Amino acid sequence: MILVGVDGSRAGLEAVVWAAREAALRDVPLTVAHALPRWAYETETGRFAEVAAWMREGGRSVLAAAEERARADRPEIGLRTTFLPDDPRAALIEAARDADLLVVGSHGLGGVRGALVGSVAYGVAGHAPCDVVVVRPPISAPAREIVAGVDGSAASPRVLEFAFAEAALRGARLRVVRAKDHRSGYDPADPGGTDALKETLAGLRARHPGVPVVEELVHGHPVEALREAAAGAELLVVGSHGHGTFAGLVLGSVSHALLHHAPGPLAVVRTPR
């Protein structure tokens, strides 16, 4: 099941369309969810009952608009809508325990002016129990290419598995990018990590013989390298943590930066710290 969070914003509707297309590719059902404060969800009588009813009616309108958009784009998918009674971040994280993938827009109605990514997108990318896609429309029409950012860390095999699967579903080319930057500490020259990555790639090539693969070693900071590589791609895939993790960060430093600066949809593949 794919879960997508909506709030009535344009970014939320873009996330719904992306999620509906992904559900069609995977042949899985789609759940469209809208979060309401618990008091508004539960209050039927008393002083604030009228306000709560108004909020529930607004939520139903949000869900109806999202469902209409999804069915117009992919009428063949199984789809249900639901209210989530809680803060959007907490509610989506809890609901995602039953999901294969959680999809959100890069910004919602509650976005802070000037912020590059919304608080919900950042919160779920750092804490969701499943993989997360943050949908930001690409600047130009995307090419049939998936870009995977790897660094030889323990996160890299899962990133590659996700990226190969997406490329196979879409009939797209896969571009595997490693960045080497001694000044920032990002150096994929570790022999153990390199050998393990080669073995993973070989195994995935055998499992997905129809996926064309391009491997690139780029000299420069990984954030800039991946931004440039993904400029015309359908999807950029990174791990939630890698060699570039700073102590105390919910996400690794690279995935954290790309949440703000990715040129299009970004998949954050969840991996244990």
Side-chain angles (χ1 to χ4, degrees), residues 101 125-126 128 130-134 136 138 142-170 172-246 249-273:
L101 185 68
C130 65
D131 302 328
V132 176
V133 170
V134 178
R136 178 182 286 109
R144 299 182 73 83
E145 183 173 82
I146 305 297
V147 174
V150 295
D151 59 4
S153 69
S156 295
R158 279 228 61 224
V159 169
L160 288 172
E161 288 171 6
F162 186 101
F164 263 94
E166 287 296 312
L169 284 172
R170 297 162 184 267
R173 179 175 70 171
L174 174 60
R175 182 181 300 272
V176 179
V177 178
R178 305 184 77 194
K180 184 173 182 178
D181 184 1
H182 294 291
R183 293 171 301 173
S184 66
Y186 293 92
D187 185 354
D190 170 62
T194 300
D195 291 344
L197 193 58
K198 287 179 178 177
E199 290 179 11
T200 301
L201 271 169
L204 288 167
R205 282 177 185 268
R207 283 166 51 189
H208 301 280
V211 175
V213 181
V214 175
E215 296 180 58
E216 289 185 356
L217 176 61
V218 180
H219 291 270
H221 195 282
V223 173
E224 292 304 317
L226 290 171
R227 279 185 67 189
E228 183 175 343
E234 290 188 50
L235 183 67
L236 170 60
V237 185
V238 296
S240 56
H241 288 94
H243 284 319
T245 301
F246 295 147
L249 278 184
V250 173
L251 290 169
S253 53
V254 173
S255 50
H256 177 274
L258 287 168
L259 273 177
H260 294 275
H261 298 292
L266 172 71
V268 179
V269 178
R270 300 294 298 157
T271 47
R273 290 181 70 92

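Fair warning: this is a prediction, and the values are worked out from it, not measured in the lab.
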How many angstroms lie between atom [atom1] of [X] and atom [atom2] of [Y], to the nearest 0.5 angstrom?
| X | Y | atom1 | atom2 | result |
| --- | --- | --- | --- | --- |
| E145 | R175 | CD | CZ | 4.0 Å |
| L226 | H221 | CG | NE2 | 10.0 Å |
| L258 | E224 | CG | CD | 9.0 Å |

Are the side chains of E216 and V214 in contact, using a 4.5 Å heavy-atom criterion?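 When only atoms from C-beta onward are counted, E216 and V214 do touch, with a gap below 4.5 Å.
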V177 vs V150 side-chain heavy atoms within contact, under 4.5 Å: no
Contacts of type side chain to side chain contact (heavy atoms under 4.5 Å, CB included), residue A168, not counting sequence neighbours: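 A168 satisfies side chain to side chain contact (heavy atoms under 4.5 Å, CB included) with H208, V211 only.
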Using the side chain to side chain contact (heavy atoms under 4.5 Å, CB included) criterion, which residues pair with A225? Sequence neighbours excluded. A179, V218
Is it the case that the side chain of R270 and the backbone of A128 share a donor-acceptor pair, with hydrogens and angles ignored and the cut-off at 3.5 Å? yes
Show your working on side chain to side chain contact (heavy atoms under 4.5 Å, CB included) between E215 and L201 and close with a plain yes or no. CA-CA 10 Å; E215 296 180 58; L201 271 169; 3.4 Å; yes
Might you point out which heavy atoms bring [X] and [Y] nearest each other, and give the distance in Å?
| X | Y | answer |
| --- | --- | --- |
| P209 | A206 | CD-O, 3.5 Å |
| A163 | V237 | CB-CG2, 4.2 Å |
| I146 | A172 | CG1-CB, 4.3 Å |
| A233 | V147 | CB-CG2, 3.8 Å |
| A125 | L259 | CB-CD1, 3.9 Å |
| A267 | L235 | N-CD1, 3.9 Å |

